[in-house]
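Structure record follows, encoded as structure tokens.
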Amino acid sequence: MEQQTILAIAIFLIAYALIISEKIHRTIVAMIGGALMVILGIVSQETAIHHIDFNTLGLLIGMMIIVNITAETGLFKFVAIWAAKKAKGRPLAILLVLMLLTAVGSAFLDNVTTVLLMVPVTFSITRQLRVNPIPFLITQIIASNVGGTATLIGDPPNIMIGSAVKELTFMAFIQNLMPIALVILALLIPIFIFLFRKQIKTTPELMQSIMDLDEKELLTDKKLLTKCLTVLGLTIFGFFIHQLVHIESATVALAGAFLLLLLTGEHMLEEAFAKVEWPTIFFFIGLFILVGGLIETGVIATLAEKAVALTGGNVTSTSMLILWLSAIASAFIDNIPFVATMIPMIQDMGSMGVSNLEPLWWSLALGACLGGNGTLIGASANLIVAGMAAKEGYSLKFTTFMKYGFPIMILSVILASGYVYLRYLM
Amino acid sequence: MLAYHCNEDVAIITETVNEEDVEFRIHLLQEDPYLGRLKEIRRYFEDNDIYTDALFYIYKNHEYGAIVRKTYYTDFVLALMKHGLLRSVEWMDESAEMQH
């Protein structure tokens with residue numbers, strides 16, 4: 001093995017271990033790892049830049065800007081309180097409607113942004129009902145990962161896969177992943193009712209206090225709301241037709257974001273940019289360069305060769321291997337670096353004789369997104385919710401979440417396996 | 001402890017002390033300019049890093065509610081004072097009875 005290859009593997013594994021250990025912020029680790037790949041000559045600066053997927057970054061930045069400006073209007077709080085009132089203030093019914101709202105929001109906005117919007121309003125409702133917010137947070141984490149599975153923009157792994165494989169359009173994700181996401185979501189409803197029915201009880205007076213709320217007062221700026229809804233609608237429509245008009249999803253999101261900034265005026269510009277999660281964006285940049293180092297030194301191609309040898313190039317075995325490996329790995333390590341590594345591996349499998357890559361891509365998306373429910377560290381959304389809860393004095397423990405999340409993850413991956421087999425492999 | 005006197009021309013403020021928090025009900029007698037000021041207080045507590053320091057609720061009968069964590073009680077009362085919803089605020093001995 002060449003010295004450059006050994007160095008690339010060492011940098012990648014050390015970075016990966018540090019990301020998992022969470023001793024140092026993952027963005028710092030990924031960026032230093034990426035910088036080392038360039039400094040040590042494993043990849044040139046030009047090649048490193050070539051490996052950065054600007055479509056993923058543009059899509060994330062564009063959506064963050066649109067959603068953060070829309071949040072200023074009070075729309076998301078309004079929807080949550082309106083839904084809580086439709087549930088007649090009953091805690092279990094509210095838990096279910098907030099879970100469904102999280103799933104829908106995750107599918108069309110992205111799951112990280114959605115939980116950032118849902119958690120504060122969840123605290124507000126649970127405090128008023130004087131019930132424990134933890135069951136609400138657990139169900140929202142799980143729903144965010146299932147809802148995010150359904151679309152190209154729903155979960156970072158899907159954004160990365162959709163960006164890397166041009167044939168997998170926004171519509172293709174909906175047609176292929178939404179049916180199974182809906183089945184899993186429908187199955188979660190009775191499971192959550194059974195699990196949490198005794199934990200979240202309140203008094204009729206407190207339920208009435210939810211009914212007495214005036215949600216319309218939460219809409220703070222109706223002119224801005226009209227602009228945001230128009231742009232959000234146009235952007236989502238743009239995602240549906242992006243392949244027909246030969247425009248990348250990032251162009252749609254960024255065009256939407258800057259159209260909204262044009263309509264709102266300059267005063268929103270700085271605030272909108274300040275609310276973009278730059279650490280996440282730079283985490284992706286570092287990660288793309290780290291994986292780029294492995295690609296350039298042939299490590300990914302060798303791993304793909306070994307995987308193909310293990311399954312004999314059989315699409316069914318390879319799909320199942322990818323689905324379960326992605327799910328189990330994503331449960332214990334962040335699914336973003338895992339998917340960043342798997343994408344070039346699957347691309348290499350195509351050149352090694354695996355004729356039909358489509359089931360492999362859907363297996364990777366399903367495994368990585370649903371696997372995120374296995375543990376508290378499985379997905380970015382999980383960590384964000386746990387962090388927000390801890391800051392407010394509510395401890396969502398690793399073991400507490402795993403007790404619910406892991407069996408649900410196994411159940412959903414079994415369903416996904418059946419779906420992939422029946423739809424693509426039979 | 002902190003004791004306060006409402007500005008009776010502006011608002012009627014009642015509070016209920018719970019185990020971990022204090023629940024305020026604010027009925028504004030003069031909406032202009034005090035509704036705007038109440039919204040400023042709400043924005044201040046919503047825009048900071050802590051979500052549950054003071055949670056605000058708007059009711060149908062134009063009453064406003066706030067559930068304030070005990071550790072943020074002083075901050076909330078001082079915010080009411082700063083925005084003219086209270087007439088006075090003073091430190092009192094723990095044993096002294098709080099006046100409204």
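Naming: A, B, ... by sequence-line order, numbering from 1 per chain.
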For the student: nearest non-hydrogen atoms of Tyr57(B) and Ser124(A), plus distance: OH-O, 2.5 Å
CA sep, side-chain torsions, deciding dist, call: Thr52(B), Met388(A), side chain to side chain contact (heavy atoms under 4.5 Å, CB included): CA-CA 10 Å; Thr52(B) 55; Met388(A) 288 167 89; over 6 Å; no
So does Lys77(A) pair up with Glu46(B), basic N to acidic O under 4.0 Å? yes
For atom CD of Glu20(B), decide whether the heavy atoms of other residues, nucleotides or ligands shown that lie under 6.0 angstrom number more than 12. no
Should the heavy atoms of other residues, nucleotides or ligands under 6.0 Å from NZ of Lys70(B) be counted, would the total exceed 12? yes
Bottom line for Glu63(B): the part with an atom under 4.5 Å from chain A's heavy atoms is neither
In terms of heavy-atom pairs under 4.5 Å with chain B, the winner among Leu218(A), Asp212(A), Thr220(A) is Asp212(A)
Just wondering, are more than 12 heavy atoms of other shown residues or ligands nearer than 6.0 Å to CZ in Phe282(A)? no
With a 4.5 Å cut-off on heavy-atom pairs, point out which of Lys216(A), Gln128(A), Glu217(A), Lys391(A) contacts chain B the most. Gln128(A)
Which heavy atom in Tyr51(B) sits nearest to a heavy atom in Glu392(A), and how many Å separate them? N-OE2, 2.9 Å
Measuring heavy-atom distances to chain A, does Glu23(B) have an atom under 4.5 Å in its side chain, in its backbone, in both, or in neither? side chain
Just wondering, do Arg127(A) and Arg69(B) contact through their side chains at under 4.5 Å, heavy atoms? yes
Decide yes or no for Met211(A) and Tyr59(B): does some side-chain heavy atom of the first lie under 4.5 Å from some side-chain heavy atom of the second? no
Hey, are the side chains of Leu213(A) and Lys60(B) touching, using non-hydrogen atoms and a 4.5 Å cut-off? no
Is the number of heavy atoms from other residues, nucleotides or ligands under 6.0 Å of Tyr44(B) OH greater than 12? no
Shortest non-hydrogen separation from Phe123(A) to Leu55(B) and the atoms involved: O-CD1, 3.8 Å
